[in-house]
Amino acid sequence: MTGDGVNDAPALSAAQVGIAVAGATDAAKNAADLILTEKGLSPIYGAVLESRRIFARIKVRIEFKIGTQLPSTLLTMYL
């Protein structure tokens with residue numbers, strides 16, 4: 001959900017992802033999850049790419065921790 005006015009604030013806070021566009025009122029900015037500082041909706045694409053990169057890093061780190069810690073934990077439990 002995108003919005004820029006006071007009337008959009010309740011919908012922005014209720015949405016799964018609320019996006020306030022550039023020039024939005026303070027109420028809309030406070031209710032939003034993401035605030036665009038540039039005109040247009042193209043910065044959303046960059047935000048999605050960055051969030052996917054972060055998620056991939058977290059996933060790799062979790063897989064590494066499980067792969068290195070689980071065998072030693074199991075070995076300790078059964079010895």
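In this chain, numbering begins with 1 at the start of the sequence shown.
- Listed here is the closest heavy atom pair of G3 and D8: CA-OD2, 3.4 Å.
- The two residues A28 and D4 have their closest heavy-atom pair at CB-C, 4.0 Å.
- Dense packing is recorded around CZ of R53, with more than 12 heavy atoms of other residues, nucleotides or ligands lying under 6.0 Å away.
- In this structure, L70 is a member of the same hydrophobic cluster as M77, with clusters built from ILVMFWY side-chain heavy atoms closer than 4.5 Å.
- The shortest non-hydrogen separation linking K29 to A24 is CE-O, 3.4 Å.
- Under the 4.5 Å side-chain heavy-atom criterion for ILVMFWY residues, no single connected hydrophobic cluster contains both I44 and M1.
- Summarising the geometry of P43 relative to L36, their closest heavy-atom pair is CB-CD2, 3.9 Å, with the distance given to 0.1 Å.
- Scanning both residues, T68 and S72, for their nearest heavy atoms gives O-OG, 3.7 Å.
- Follow the hydrophobic side-chain contacts under 4.5 Å out from L12 and you never reach V17; the two are in separate clusters.
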